[in-house]
Student: 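Take a look at this one; I'll ask things after.
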Amino acid sequence: PLPTIYAITPTYSRPVQKAELTRLANTFRQVAQLHWILVEDAAARSELVSRFLARAGLPSTHLHVPTPRRYKRPGLPRATEQRNAGLAWLRQRHGHQRAQPGVLFFADDDNTYSLELFQEMRTTRKVSVWPVGLVGGRRYERPLVENGKVVGWYTGWRADRPFAIDMAGFAVSLQVILSNPKAVFKRRGSQPGMQESDFLKQITTVEELEPKASNCTKVLVWHTRTEKVNLANEPKYHLDTVTIEV
Ligand code: UDP
Ligand code: MN
């Protein structure tokens, strides 16, 4: 059978949230055997996301966990607790049986994913990697590959990172997630930009990485970011006569 792709997406309430989720669902809906794990950064599941998922037309799981207020600060990593909630759900769901073939990846809600990316990651045996566009202050970052093995990183930012790769640049087999039950994203001691390295070093080595996307020469995912919306003309009174979800 086709290995299931589990996409873990942390998401939080803001004016563009539903637009981002719509774009993401439109991509994911075209991927066979994909299970979307949407984790809200909130104290409860929101009506907006619940209604959205119910109509999204793809297999999904809706989780929530709030980021503690002390971690909501510029310069601190985002969505640590939400990604860990996704991992915990996967481990619990598959903990009691022999692992079904599956592949996990972390899909931020604002990135752009080509459909080819899913074909590439589907064959992940342990941990696979590929280039990411529009990240790290460059047009792209990528793993450097020699003789089919990752030997270094093309990056313009913190080249000392053990795995100089964005969250969007790797996938992990379900088997690896289950056989490393303690591997999680850490808050304590995690510097900005080190989330990926801190996580990956718990489950793999650079030598072991499987290069995808033609030996890491193709960009199939982009670290796009959405402009902050201008709401300067939102009325304080003379509100619309109807309440509309946006
Ligand atoms: N996110 C979240 N809570 C926050 C900020 C971000 O759950 O307080 C989510 C966001 O929806 C996205 C991921 O975490 O899926 C990464 O955030 P963002 O895209 O802002 O990070 P960047 O693009 O700067 O890496
Ligand atoms: Mn982003």
Side-chain angles (χ1 to χ4, degrees), residues 5-28 34-46 48-50 52-53 56 58 60-90 104-114 117 130-141 155-158 161 163-171 184-187 190-200 219-229 246:
I5 293 176
Y6 294 94
I8 297 184
T9 300
T11 188
Y12 69 112
S13 174
R14 73 257 198 223
V16 299
Q17 182 180 32
K18 195 174 176 187
E20 305 281 30
L21 295 179
T22 298
R23 214 150 36 91
L24 203 50
N26 288 350
T27 301
F28 288 168
L34 182 143
H35 188 110
W36 194 10
I37 305 172
L38 196 51
V39 191
E40 286 196 70
D41 181 352
R45 293 184 192 89
S46 69
L48 184 148
V49 174
S50 303
F52 172 82
L53 265 188
L58 72 172
S60 62
T61 297
H62 186 182
L63 307 176
H64 70 89
V65 56
T67 303
R69 255 234 304 280
R70 63 185 177 283
Y71 295 136
K72 287 256 188 197
R73 284 220 315 264
L76 293 187
R78 303 188 176 109
T80 303
E81 291 74 20
Q82 290 72 31
R83 293 192 185 99
N84 285 340
L87 289 171
W89 180 87
L90 268 179
L104 150 79
F105 89 118
F106 296 101
D108 287 357
D109 60 6
D110 56 344
N111 292 341
T112 306
Y113 306 89
S114 95
L117 178 69
W130 52 78
V132 177
L134 315 179
V135 76
R138 290 199 176 177
R139 294 171 59 236
Y140 61 88
E141 287 183 341
T155 179
W157 184 70
R158 290 210 64 168
R161 290 176 287 162
F163 298 81
I165 196 168
D166 184 77
M167 204 62 78
F170 66 90
V184 291
F185 291 93
K186 299 199 161 75
R187 281 283 180 193
S190 189
Q191 301 165 326
M194 294 302 266
Q195 288 248 284
E196 295 85 350
S197 285
D198 287 344
F199 180 70
L200 286 169
V219 170
L220 302 177
V221 57
W222 296 262
H223 184 253
T224 44
R225 301 183 77 188
T226 302
E227 186 184 13
K228 198 166 191 291
V229 206
V246 178

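Computed from heavy atoms alone, side chains included, the values below leave out hydrogens, waters and symmetry copies. Whatever order the structure lists them in is the order used to number ligands and atoms, beginning at 1.
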Student: Tell me the protein heavy atom at minimum distance from atom 8 (O) of ligand 1, and give that distance in Å.
Tutor: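 Closest protein heavy atom to atom 8 (O) of ligand 1: Lys72 NZ, 2.8 Å.
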Student: Of Asp41, Leu76, Asp108, Leu38, which has the heavy atom at the shortest distance from atom 3 (N) of ligand 1?
Tutor: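 Looking at heavy atoms only, Asp41 sits closest to atom 3 (N) of ligand 1.
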Student: State, with a plain yes or no, whether a side-chain heavy atom of Val135 is found less than 4.5 Å away from one of Trp157.
Tutor: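 Val135 vs Trp157: side chains apart.
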Student: Keeping waters out of it, list the protein N, O or S atoms under 2.8 Å from the Mn ion (ligand 2).
Tutor: Asp110 OD1, Asp110 OD2
Student: Please classify the Met167 to ligand 1 contact at 4.0 Å (heavy-atom distances, strictly less than): side chain, backbone, both or neither.
Tutor: neither
Student: Please verify the inter-ring angle class for Phe105 with Phe28; under 30° counts as parallel, over 60° as perpendicular, anything in between as tilted.
Tutor: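 Plane angle over 60°, so perpendicular.
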Student: Are Asp166 and Arg161 ion-paired here, with the side-chain N under 4.0 Å from a carboxylate O?
Tutor: no
Student: Find out whether Leu220 and Trp130 are in side-chain contact, i.e. whether some heavy atom of one side chain is under 4.5 Å from a heavy atom of the other.
Tutor: no
Student: For the residue pair Ile8 and Trp89, establish whether any side-chain heavy-atom pair is separated by less than 4.5 Å.
Tutor: no
Student: Could you list which atoms of ligand 1 come closer than 4.0 Å to a heavy atom of Ala79?
Tutor: 14 (O)
Student: Name the closest protein heavy atom to atom 12 (C) of ligand 1, giving the residue it belongs to and the distance to 0.1 Å.
Tutor: Asp109 OD1, 3.5 Å
Student: Looking at Gln17, Gln82, His64, which hits side-chain hydrogen bond (donor to acceptor under 3.5 Å, both in side chains) with Thr11?
Tutor: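 The single option meeting the side-chain hydrogen bond (donor to acceptor under 3.5 Å, both in side chains) with Thr11 is Gln17.
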Student: When you check the gap from the basic side-chain N to the acidic O, do Asp110 and Arg14 get nearer than 4.0 Å?
Tutor: no
Student: Keeping the roles fixed (side chain from Thr9, backbone from Ala107), state whether a donor-acceptor pair exists under 3.5 Å.
Tutor: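 Here the side-chain-to-backbone pair exists.
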Student: Return the residue, atom name and 0.1 Å-rounded distance of the protein heavy atom closest to atom 9 (C) of ligand 1.
Tutor: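 It is Pro10 O, 3.8 Å.
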Student: Looking only at heavy atoms of Thr9, does any of them come nearer than 4.0 Å to an atom of ligand 1?
Tutor: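 No heavy atom of Thr9 comes that close to ligand 1.
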Student: I need the atoms of ligand 1 closer than 4.0 Å to a non-hydrogen atom of His223, numbered in the order shown.
Tutor: 22 (P), 23 (O), 25 (O)
Student: Please name the residue in the list Leu87, Val184, Thr80 that meets the side chain to side chain contact (heavy atoms under 4.5 Å, CB included) test with Phe199.
Tutor: Leu87
Student: Strictly distance-based, threshold 3.5 Å: is any side-chain N or O of Glu40 a donor or acceptor partner for the main-chain N or O of Val49?
Tutor: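 Looks like no, no N/O pair under 3.5 Å.
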Student: Under 4.0 Å, heavy-atom basis, I'd like to know which part of Arg14 is in contact with ligand 1: side chain, backbone, both or neither.
Tutor: side chain
Student: Please list, in number order, the atoms of ligand 1 under 4.0 Å from a heavy atom of Asp110.
Tutor: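 In order of number, 19 (O), 23 (O).
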Student: So, do Glu141 and His223 sit near enough that their side-chain heavy atoms are less than 4.5 Å apart?
Tutor: no
Student: Which of these passes salt bridge (Lys or Arg N to Asp or Glu O under 4.0 Å) with Asp108: Arg23, Arg78, Arg83?
Tutor: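 Filter result, single survivor: Arg83.
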Student: Got the closest protein heavy atom to atom 21 (O) of ligand 1, with its distance?
Tutor: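 Of the protein heavy atoms, Arg78 NH1, 3.1 Å lies nearest.
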Student: In the protein, which heavy atom is nearest to atom 1 (N) of ligand 1, and how far is it?
Tutor: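 I find the closest protein heavy atom is Tyr12 CD2, 3.3 Å.
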